Amino acid sequence: MAKQNEEKKVRLFENDMTFTGKHATYMKYLVNEAQLYDDYIDVYMNAAVFGYLYCEKRDKDNDSTDRARIYADAFSNHRDECVFLYRIITLLDERDMEIEERLNRAFRYDAESDKQDIVQECLDSFNSYVRGGIEYMYTQFTTGCTSKDDYIRQSFEVSRKFKESLEGVSYEDKIKKLLGK
């Protein structure tokens with residue numbers, strides 16, 4: 001019985017992940033052509049943040065055969081960061097549910113074998129933000145760029161606008177508000 005529950009358990013950031021269609025194409029472009037990131041795991045983590053902060057969620061795209069894979073060893077090297085992003089985004093994701101349920105989804109359910117369907121739902125939502133973030137980054141970081149200098153200038157400009165949009169926003173205050181403090 002324990003083995004059956006173990007097989008059903010959703011493992012956060014322990015397995016390979018494959019992106020398909022335009023998300024694979026964009027991810028490859030950001031790493032290989034624009035050279036804005038060293039590898040796919042860097043795109044993945046940044047895309048989660050951009051996707052969430054700009055409310056960009058996207059479904060899987062299967063319109064082309066293009067594939068980009070993040071291997072389990074990349075996740076193992078960045079597991080703590082990925083889990084942190086997953087927990088924060090799951091906690092802050094605006095849904096009509098009580099704070100206790102949001103806390104459970106973010107911090108508890110992944111350890112409970114009878115809640116794995118909910119964990120998978122949360123992981124799917126998280127990854128939809130990642131895909132939205134990949135599209136956002138591709139559009140923002142590459143528009144009008146033809147050279148390495150253009151990519152650097154554009155990424156600086158996007159980063160500057162991002163910083164300005166966050167100034168004055170305290171996510172610590174937002175979390176306190178969620179907790180009723």
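Hydrogens, waters and symmetry mates play no part in the numbers below; they use all other heavy atoms, side chains included. Keep in mind the model is a prediction, meaning the values are calculated, not measured.
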If you take the centroid of each ring, where Trp contributes its six-membered ring, are Tyr138 and Tyr29 closer together than 6.0 Å? yes
Below 6.0 angstrom between ring centroids: does that apply to Tyr44 and Phe75? yes
With side chains defined as the heavy atoms from C-beta onward, is the minimum distance between Tyr26 and Thr139 less than 4.5 Å? no
Which pairs pass side-chain hydrogen bond (donor to acceptor under 3.5 Å, both in side chains) with one or both residues in residues 153-163, sequence neighbours excluded? Asp150-Arg153, Glu157-Arg160, Arg160-Glu164, Lys163-Glu167
State, without any angle test, whether [X] and [Y] hold a side-chain donor-acceptor pair at a distance under 3.5 Å.
X     : Y      : result
Asp93 : Tyr129 : yes
Lys57 : Ser125 : yes
Arg69 : Thr18  : yes

Tell me whether [X] contacts the main-chain N or O of [Y] through its side chain, where contact means a donor paired with an acceptor under 3.5 Å.
X     : Y     : answer
Tyr52 : Leu92 : yes
Asp16 : Ala72 : yes
Asp42 : Tyr37 : no

Considering only NZ, NE, NH1 and NH2 on the basic side and carboxylate oxygens on the acidic side, decide whether [X] and [Y] come within less than 4.0 Å.
X      : Y      : result
Glu101 : Arg108 : no
Lys115 : Asp110 : no
Glu56  : Arg58  : yes

Note: Arg131 and Asp59 closest approach over all heavy atoms is NE-C, 3.3 Å
Could you give the distance from CG (Asn127) to CD (Gln120), rounded to the nearest 0.5 Å? 8.5 Å
Does Lys28 form a salt bridge (charged side-chain N to carboxylate O under 4.0 Å, His left out) with Glu33? I'd like the steps, not just the answer. CA-CA 7 Å; Lys28 288 177 179 179; Glu33 304 300 321; over 6 Å; no
